Amino acid sequence: MADLFELDVFQAYATYATVVILKMMLMGPLTAYFRMTRGAFSNEEDVRGKSEEQKKKLLRSHPDVERVRRCHQNDLENIIPFVIIGLLYSLTAPDISTALIYFRVFAASRICHTLAYILPLPQPSRALAWMTGMVVTFCMAFRVLTVALHL
Amino acid sequence: MADLFELDVFQAYATYATVVILKMMLMGPLTAYFRMTRGAFSNEEDVRGKSEEQKKKLLRSHPDVERVRRCHQNDLENIIPFVIIGLLYSLTAPDISTALIYFRVFAASRICHTLAYILPLPQPSRALAWMTGMVVTFCMAFRVLTVALHL
Amino acid sequence: MADLFELDVFQAYATYATVVILKMMLMGPLTAYFRMTRGAFSNEEDVRGKSEEQKKKLLRSHPDVERVRRCHQNDLENIIPFVIIGLLYSLTAPDISTALIYFRVFAASRICHTLAYILPLPQPSRALAWMTGMVVTFCMAFRVLTVALHL
């Protein structure tokens, strides 16, 4: 069954799916980094061994941490649908050149979205990056429904 | 490998998986719509070009926005497990009529859940819709484990 | 196409993917249980039929509920990437013994993570469990990229 990987489209899909998921996973360590540098924790056990007064100061939310978490949440809401719809799409035997355009545009849009969210860049850069990614996923979903429709 | 799509069960799976994921993705634009009509934003850059006083008023949370976000979160927590377990399930060569019942009940339960959450409808409509979807996913997971168990 | 399930690696993948997703899904009912025993709800319609004064008391957040929700969120952020990368990984025809080590370590790390979060256990138990799971997913992603790279 490793012959799925003999298909160009499936190779491309696996590459871009892995890249965008790795990008999404990097938001976890980034949140941890901001929590530690900004001193903003959620759990009592994360600040043990400090004085009571310091604990109260450290158990808070911080704008930078919340920003990374919103970015991570947006990744979950957009990258996972892309990866699942993309898997079905790449099994519909699409044209490799069209597929590569979809995958590349989506990966680029999510990297732009993350930069626009974290730096942050002025709007509408973030909104445009978000919408570009959504449009790609909708296009792939349209093809899946065209090929597979069985209600 | 496009021959996966020659299987009735896989066609049905692809159709319903795409439908529920599109439903989930629509919560994103719906959140944006509520943010704009209710005037409730999270990011400084989303309200640039306003006076300082107006900014403070717009950077807030609003019950309607929070409601859509909770609904979206519930979708992530339930639709993604369905889609992944459903993929494995549809590869176990199940009966097409059973599979169609599972997929249809799940899709219907999630559409009811969204309506019950957003309108909102009185409880226990939302709770029942949520539980129906979970039971479907558990049934499919049971079959996957019966066929595949290899610890 | 059910012949995917004739592969040892795919059987093992299906088993562990189902197990960790079921674990993740159990956080939903656990949240509901804490909401009811702690009396902490988010939606007006969840507390209908109570007096106005009681409603105000019940529509609040509670530390135990928030803890379970953070644990659930962390599951979404880590288990779903594992399941998707793991699917691609198990299609690269890896050694069954290596694959079983990865799958078992990941499943164990997430069960430890949940226990460390909910009980809670003193740090760094939770941090170590989280990092162990991430390392497994990164190792599998590395193999997928080695086999499939097609940019």
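Bear in mind that the values here come from a model prediction, so they are computed numbers and not experimental data.
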query: Should the heavy atoms of other residues, nucleotides or ligands under 6.0 Å from CZ of C:F142 be counted, would the total exceed 12?
result: no

Which portion of B:T137 sits near chain C, non-hydrogen atoms under 4.5 angstrom: side chain

statement: Answer key: most heavy-atom pairs under 4.5 Å with chain C among B:M134, B:E66, B:R70 is B:R70

- prompt: What's the spacing between B:F138 CZ and C:I21 CD1 if we round to 0.5 Å?
  reply: 11.0 Å

- prompt: What distance do B:H150 atom NE2 and C:Y13 atom OH have between them, rounded to the nearest 0.5 Å?
  reply: 15.5 Å

- prompt: Using non-hydrogen atoms only, which part of B:Q73 is less than 4.5 Å away from chain C: side chain, backbone, both, or neither?
  reply: side chain

- request: List the atom of B:L91, the atom of C:F5, and the distance in Å for their closest heavy-atom pair.
  value: O-CD1, 3.3 Å

- prompt: Does a salt bridge link C:E45 with B:R67, judged by any charged N lying under 4.0 Å from a carboxylate O?
  reply: yes

task: Measure B:P124 against the heavy atoms of chain C and call it side chain, backbone, both or neither at under 4.5 Å.
output: both

task: Check whether any side-chain heavy atom of B:E77 lies under 4.5 Å from a side-chain heavy atom of C:M25, and answer yes or no.
output: no

message: For B:I84, which atoms come within 4.5 Å of any heavy atom of chain C: side chain, backbone, both, or neither?
response: side chain

- request: Would you mind checking which part of B:L88 comes under 4.5 Å of any heavy atom in chain C, side chain (CB onward), backbone (N, CA, C, O), both or neither?
  value: both

task: Using non-hydrogen atoms and a 4.5 Å limit, figure out which bit of C:F10 sits close to chain B: side chain, backbone, both or neither.
output: side chain

task: Below 4.5 Å from any heavy atom of chain B, which atoms of C:M27 appear? Answer side chain, backbone, both or neither.
output: neither

message: Out of C:I80, C:V83, C:N43, C:L76, return the one with the most heavy atom pairs under 4.5 angstrom to chain B.
response: C:N43

Greatest number of heavy atom pairs closer than 4.5 Å to chain B - which of C:D8, C:D46, C:V19: C:D46

query: How about B:R143: does its CZ atom have over 12 heavy atoms from other parts shown lying under 6.0 Å from it?
result: yes

field: Best-contacting candidate, B:P81, B:P63, B:A116, against chain C by heavy atom pairs under 4.5 angstrom
entry: B:P81

task: Examine whether an atom of C:I79 lies under 4.5 Å from a heavy atom of chain B, and if so say whether it belongs to the side chain, the backbone or both; otherwise answer neither.
output: neither

message: In the structure I gave you, are the side-chain heavy atoms of B:L151 and C:R104 within less than 4.5 Å of one another anywhere?
response: no

message: Determine whether a donor-acceptor pair (N or O, by modelled atom type, separation under 3.5 Å) exists between the side chain of C:T15 and the backbone of B:A148.
response: yes

task: May I ask you to decide if B:Q123's main-chain N or O and C:R48's side chain share a donor-acceptor pair within less than 3.5 Å?
output: yes

- request: For residues C:L87 and B:L87, determine if any side-chain heavy atom of one lies less than 4.5 Å from a side-chain heavy atom of the other.
  value: yes

